[in-house]
Structure formats: C-alpha cells, structure tokens
Amino acid sequence: MRVLAIETASEACSVALFEDDTLVAHDHRVLGRGHAERLVPMIADLPNNGRADRILVSLGPGSFTGVRIGIATARALGFAWGAEVLGYPTLALVAARAGQPEPRNVTVCMNGGHGEWFIQNFLNCKAQDEHHSLPPEQAKYACKHDLIVGNRANELAELFEGDANKQTLDLLPDASNVSLLYDSCFTTNLSPLYGRAPDATPQSV
C-alpha cells in the first residue's frame with residue numbers, strides 16, 4: 001500500500017510518501033507562513049505526483065490556517081484518487097519522534113497562539129492526558145516529565161530554574177515520522193484539534 005503523509009500544523013510543512021512501511025520520498029521545509037502556496041507543489045514533486053492509496057494528515061493542534069490547509073488538501077486528494085483519508089494528532093507525532101530508539105515518557109510543548117503553548121504528556125509515547133493550550137506560567141504546572149520535547153521545550157525547561165533533571169529536545173513535527181505512531185492515533189474523524197476555543201463567538205440569528 002502506498003501512503004502519503006501531510007504535516008502542516010506548525011511553522012514546518014512536510015510531506016512523505018511510503019510504500020508500506022518504507023519511506024520512498026520526503027520533503028520538510030520550515031516556512032513560517034505560506035503553507036497554502038507550497039503544500040500542493042511539494043506533493044506534486046513526489047514520485048507519481050504523490051498518488052497514494054491512503055492519506056494521513058495532521059489534525060493539530062497547531063496553526064489554525066495550517067491545519068485547515070492540510071485537511072482540505074487531504075480531503076481533495078482523497079476524493080480525486082479514491083483514497084482513504086485518516087487524521088492523527090500532531091503532538092503524538094512529536095512524542096513518537098522523541099521516543100526513539102525506545103518509547104519514553106515525555107511532555108510535548110509546542111508553540112500555540114496568543115502567547116500560549118500547547119502541552120500534553122505521554123507515557124511510553126501514548127497520550128497520558130488531553131492536550132491543553134496554556135500560558136507559560138500554567139504550562140509549567142502541567143508538565144509531568146523530565147524530558148520535554150517540541151519547539152517550546154527549552155523555554156518551558158527554563159521555568160524550572162535550572163532543574164538538572166530537565167532535558168529538552170527542540171523538535172518540529174515531520175511527516176516522515178508517521179510510521180512511528182500507534183494505530184490508535186489514526187481516526188476517520190477529520191475535525192481539527194485546535195487546542196483552544198475560538199477568539200470570537202458567532203452571533204445568534
């Protein structure tokens with residue numbers, strides 16, 4: 001089975017093509033912005049234009065725009081190719097990458113919005129709790145493990161004022177790591193995991 005993975009929930013944009021569990025091709029770029037313009041050309045540059053039997057796409061939490069772009073692209077390609085489309089949580093992908101060569105207990109801390117951080121704890125790379133979007137001073141108390149990973153790992157560790165037990169890995173999610181995820185991470189429900197409530201509430205009619 002050929003599998004296309006799409007990851008757009010952070011400032012990184014990445015795609016990966018697998019033949020069963022073997023990585024065939026991969027592209028990972030730290031863009032900051034511009035996922036909408038770069039994602040489809042990155043897929044088109046993969047062998048056979050990235051065509052696959054199954055598409056795996058990040059559901060977030062992360063950039064509102066990035067998550068929506070990834071899901072919309074996955075849905076469109078799935079319809080065009082007759083491919084199955086499954087979603088996965090971004091923080092679990094970061095935890096899985098950190099759990100190499102063996103699963104480890106980690107706290108994932110990623111950049112959120114409005115000065116907040118997305119944070120979630122994992123036991124042996126399996127979710128220990130729900131993800132939360134918290135200001136830094138609250139994120140400190142949500143951190144349960146000495147190994148902190150993600151693109152805000154260093155900042156979170158600094159809040160522990162030199163605790164020698166705290167270790168960090170500065171990681172961004174990468175589509176090439178989806179083969180590390182447990183099967184339970186994948187879902188047919190492609191609803192975005194935004195991680196925080198909308199900034200505005202729609203007016204009632």
Side-chain angles (χ1 to χ4, degrees), residues 3-18 23-47 49-50 52 55-74 76-77 87-100 104 106-120 122 125 131-134 136 139 143 147-159 167-181 185 190 192-196:
V3 178
L4 171 67
I6 298 172
E7 175 55 64
T8 56
S10 71
E11 55 264 47
C13 182
S14 60
V15 295
L17 190 65
F18 296 84
L23 181 63
V24 175
H26 169 232
D27 193 354
H28 180 274
R29 307 181 191 186
V30 180
L31 302 177
R33 298 178 181 272
H35 294 59
E37 294 78 18
R38 303 299 290 275
L39 177 59
V40 172
M42 287 170 65
I43 295 172
D45 285 340
L46 296 172
N49 297 318
I55 302 170
L56 307 177
V57 62
S58 171
L59 301 178
S63 161
F64 284 21
T65 302
V67 169
R68 290 195 297 266
I69 289 166
I71 293 175
T73 301
L77 293 177
Y88 64 86
T90 303
L91 303 188
L93 183 65
V94 176
R97 171 64 184 86
Q100 295 299 306
R104 292 189 281 181
V106 301
T107 296
V108 177
C109 186
M110 299 290 297
N111 188 48
H114 301 273
E116 295 188 346
W117 297 340
F118 295 123
I119 189 164
Q120 189 173 13
F122 292 80
C125 296
H131 64 267
H132 299 283
S133 180
L134 300 171
C143 177
L147 178 58
I148 307 171
V149 302
N151 63 349
R152 287 295 175 264
N154 292 328
E155 289 91 333
L156 178 56
E158 288 173 359
L159 298 180
Q167 301 177 39
T168 62
L169 287 174
D170 187 352
L171 296 176
L172 286 171
D174 190 327
S176 67
N177 298 141
V178 295
S179 60
L180 303 175
L181 290 170
C185 291
L190 300 181
L193 303 173
Y194 286 134
R196 60 191 302 273

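- The two atoms that bring His26 and Leu46 nearest to each other are N-CD2, 4.2 Å, heavy atoms only.
- Side-chain contact between Ile71 and Pro192 is present, with heavy atoms from C-beta onward closer than 4.5 Å.
- How far OG1 of Thr168 is from CD of Glu155: 9.5 Å, rounded to the nearest 0.5 Å.
- Atom CG of Leu134 is separated from atom CD1 of Ile119 by 6.5 Å, given to the nearest 0.5 angstrom.
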Exercise for review: Take Thr90 and Ser10 through the test side-chain contact (heavy atoms from CB on, under 4.5 Å) and record every step on the way to the result.
Suggested key: CA-CA 9 Å; Thr90 303; Ser10 71; 5.8 Å; no
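- Nearest heavy-atom pair across Ala96 and Leu181 is CB-CD2, 4.1 Å.
- Although no hydrogens or angles enter the test, the distance criterion places a donor-acceptor pair under 3.5 Å between the side chain of His35 and the main chain of Ala12.
- In this structure, SG on Cys109 lies 10.0 Å from CG on Asn154, to the nearest 0.5 angstrom.
- Judged as a salt bridge (Lys or Arg N to Asp or Glu O under 4.0 Å), and not counting sequence neighbours, Arg33 has no contacts.
- With Ser14 contributing its side chain and Ala175 its backbone, the two residues share a donor-acceptor pair below 3.5 Å.
- A 4.5 Å side-chain heavy-atom check between Ser58 and Leu93 finds every atom pair outside the cut-off.
- Residues satisfying the salt bridge (Lys or Arg N to Asp or Glu O under 4.0 Å) test with Asp174, not counting sequence neighbours, are none.
- Of all the heavy atoms in Ala5 and Phe18, the pair that sits closest is CB-CE1, 4.3 Å.
- Of all heavy-atom pairs spanning Pro89 and Leu193, the tightest one is CB-CD1, 3.9 Å.
- For the atom pair CG of Leu17 and OG of Ser176, the computed distance is 12.0 Å after rounding to the nearest 0.5 Å.
- Thr8 places a side-chain N or O within 3.5 Å of a backbone atom of Gly66 that can act as its donor or acceptor partner.
- Inter-residue side-chain proximity for Thr73 and Ile43 is flagged as met; some heavy-atom pair is nearer than 4.5 Å.
- With Val108 as reference, Leu91 is the one residue of Leu91, Asn151, Leu169 to meet the side chain to side chain contact (heavy atoms under 4.5 Å, CB included) rule.
- The closest side-chain heavy-atom distance from Val94 to Pro173 is below 4.5 Å.
- Between Leu4 atom CG and Asn49 atom CG the span is 11.0 Å, to the nearest 0.5 Å.
- The CG atom of Leu56 lies 11.0 Å from the CD atom of Glu7; values are rounded to the nearest 0.5 Å.
- Within the 4.5 Å cutoff, the side chain of Pro61 has no heavy atoms near those of the Tyr194 side chain.
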**Study point:** Cys13 and Met42: CA distance, side-chain angles, deciding distance, side-chain contact (heavy atoms from CB on, under 4.5 Å) verdict
**Key:** CA-CA 9 Å; Cys13 182; Met42 287 170 65; 3.8 Å; yes
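- Between Pro47 and Ala25 the shortest heavy-atom distance is CD-CB, 3.5 Å.
- Taking all atoms of both residues into account, the shortest heavy-atom contact from Leu159 to Pro136 is CD1-O, 3.4 Å.
- Proximity of a side-chain donor or acceptor of Gln120 to a complementary backbone N or O of Phe122 within less than 3.5 Å is not detected.
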